[in-house]
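Values reported hereafter were calculated over all heavy atoms of this structure, with side chains retained and with hydrogens, waters and symmetry mates removed. Start at 1 and go down the list; that is how both ligands and their atoms are numbered.
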Amino acid sequence: MATSNPVPVRFTSGDVEILIGDSQDVLPKLVSQSIQSCITSPPYWGLRDYDHEAQIGAEESPEDYVERLVGIFREVRRVLADDGTLWLNVGDGYARNGGTGRSGPNAQVGNTKKLIQKRNCKVPDCWGLKDRDLMGLPWRVAFALQADGWLLRSNITWIKRAPMPESVRNRPSNATEQVFLFSKRPKYFYDNQAIREETGANLRNYWLLGPDPGGTSHPAAYPRELVRRCILLGSRPGDVILDPFSGSGTTGVAAAELNRRAILIELNEDYAVQSRSRIDDGVQRVLGIPAL
Ligand SMILES: C[S@@+](CC[C@H](N)C(=O)[O-])C[C@H]1O[C@@H](n2cnc3c(N)ncnc32)[C@H](O)[C@@H]1O
């Protein structure tokens with residue numbers, strides 16, 4: 001499909017290619033302007049350990065995290081068609097000094113133990129952050145991308161029907177995340193008829209979505225309906241969709257269902273294997289082929 005000097009293509013499921021590797025290395029090998037829409041959710045800073053040296057999210061400081069994402073999305077801008085769009089879901093976090101939450105730099109349980117915990121657990125020395133400050137990372141990433149040349153076109157609030165429970169008593173529990181719509185140029189492909197409000201009005205920028213029934217074992221999968229909306233609004237059938245942090249392959253599943261091609265990049269081979277079977281199952285369902 002869209003590779004010039006091809007990187008190892010391990011799996012092809014229908015029109016979905018899954019490339020295993022660090023996006024920073026793989027993206028430069030993709031052909032310029034070959035992608036219509038990039039839909040993705042990078043790891044959030046300091047939250048989970050994806051068990052790889054090159055993982056995003058384990059940088060020493062949130063400033064380094066933002067800088068690294070800007071570099072990766074600069075490559076995404078190069079591979080995007082001139083009328084293409086980027087749909088970016090990023091989560092926030094708190095600056096913490098000590099503490100042992102279920103997740104975050106100081107967590108003592110779950111899959112957060114390794115690289116993330118080796119990091120200095122003091123409040124990062126940047127942006128005037130103090131202990132327990134909400135870092136505002138989604139907007140910091142958005143502003144940095146804007147400064148790097150992206151046009152920031154919308155801030156969609158994803159309202160979670162079933163948010164992760166939090167045992168907090170001194171603030172409301174978090175139940176939303178941001179999805180930013182960026183474009184490369186002022187004029188871009190956006191099919192405002194593809195999804196409308198029930199009243200027929202233009203789609204609003206808050207989306208109430210639940211987790212997918214059945215789900216996946218990936219700890220941070222986003223709902224298929226979220227990707228479905230971005231794909232329908234931002235591409236035509238046959239277009240190529242990119243996800244440089246594909247995890248369990250939700251973007252590929254939705255792309256295959258909507259008759260789009262897709263290139264997925266994932267660092268962790270286990271997740272890539274998992275996404276292959278998810279996508280194969282999805283393709284079989286769409287074609288009406290009974291599962292073996
Ligand atoms: C938030 S998860 C994405 C989940 C995905 N949206 C889904 O629905 O399953 C981020 C993924 O990025 C992967 N990742 C981390 N650093 C990466 C890198 N440098 N290049 C490619 N993938 C990376 C992680 O292994 C993880 O699976």
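- Nearest to atom 20 (N) of ligand 1 among the protein's heavy atoms is Ser23 N, 2.9 Å.
- With salt bridges taken as basic N to acidic carboxylate O contacts below 4.0 Å, one links Arg171 and Glu166.
- Scanning the protein heavy atoms around atom 2 (S) of ligand 1, the nearest turns out to be His218 CE1, 3.5 Å.
- For the pair Thr250 and ligand 1, the shortest N or O to N or O distance falls below 3.5 Å.
- Protein heavy atom in closest approach to atom 5 (C) of ligand 1: Ser246 O, 3.6 Å.
- Using a 4.0 Å heavy-atom cutoff, Gly57 is absent from the residues neighbouring ligand 1.
- Shortest contact from atom 16 (N) of ligand 1 to any protein heavy atom: Ile56 N, 3.0 Å.
- Checked for salt-bridge contact, Arg140 and Glu63 miss the test: no charged N lies under 4.0 Å from a carboxylate O.
- Atom 1 (C) of ligand 1 has Ser41 O, 3.2 Å as its closest protein atom, hydrogens excluded (heavy atom only).
- Regarding atom 13 (C) of ligand 1, its nearest protein heavy-atom neighbour is Glu266 OE1, 3.3 Å.
- Glu257 has its side chain within reach of Arg224: a pair of non-hydrogen atoms, C-beta onward, lies under 4.5 Å apart.
- A salt bridge links Asp148 with Arg74: the distance from a Lys NZ or Arg NE/NH1/NH2 to an Asp or Glu carboxylate oxygen falls below 4.0 Å.
- For Asn268, no nitrogen or oxygen atom sits less than 3.5 Å from a nitrogen or oxygen atom of ligand 1, counting backbone and side chain alike.
- When heavy-atom distances to ligand 1 are checked against a 4.0 Å cut-off, Tyr222 comes that close through both its backbone and its side chain.
- Side-chain heavy atoms closer than 4.5 Å link hydrophobic residues (I, L, V, M, F, W, Y) into clusters, and following such links, possibly through other members, connects Leu258 to Tyr222.
- Between Phe180 and Trp139, the ring center distance clears the sub-6.0 Å criterion.
- Below 4.0 Å from some heavy atom of Ala221 lie the following atoms of ligand 1, by number and element: 7 (C), 8 (O), 9 (O).
- Closest protein heavy atom to atom 12 (O) of ligand 1: Phe245 CB, 3.5 Å.
- Short contacts between ligand 1 and Gly21, defined as distances under 4.0 Å to a heavy atom of the residue, involve ligand atoms 20 (N), 21 (C).
- Proximity to Ala54 (heavy-atom distance under 4.0 Å) selects the following atoms of ligand 1: 19 (N).
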### Query
Yes or no on side-chain contact (heavy atoms from CB on, under 4.5 Å) for Asp83 and Tyr190, after CA distance, side-chain angles and deciding distance?
CA-CA 9 Å; Asp83 66 349; Tyr190 181 87; over 6 Å; no
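- Using a cut-off of 4.0 Å between Lys/Arg side-chain N and Asp/Glu carboxylate O, Asp82 and Arg185 are scored as salt-bridged.
- In terms of protein heavy-atom proximity, atom 17 (C) of ligand 1 is nearest to Leu267 CD2, 3.6 Å.
- The contact set between ligand 1 and Pro244, taken as ligand atoms under 4.0 Å from a residue heavy atom, comprises 21 (C), 22 (N).
- Taking distance alone, with nitrogen or oxygen atoms compared against 3.5 Å, Asp22 approaches ligand 1 more closely than that limit.
- Surrounding CZ of Arg236 are more than 12 heavy atoms belonging to other residues, nucleotides or ligands, all under 6.0 Å away.
- For Ser275, the heavy-atom gap to ligand 1 stays at 4.0 angstrom or more.
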### Task
List the steps and the verdict of side-chain hydrogen bond (donor to acceptor under 3.5 Å, both in side chains) for Arg68 and Gln24.
CA-CA 9 Å; Arg68 216 168 144 208; Gln24 227 161 311; 3.0 Å; yes
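- When the heavy-atom distances from atom 4 (C) of ligand 1 to Ala220, Ser248, Pro43 are ranked, the shortest goes to Ala220.
- A perpendicular orientation is assigned to the rings of Tyr271 and Tyr50, their planes being inclined by more than 60° (bins at 30° and 60°).
- Val76 and Leu267 are not part of a single hydrophobic cluster, where members link through side-chain heavy atoms under 4.5 Å apart.
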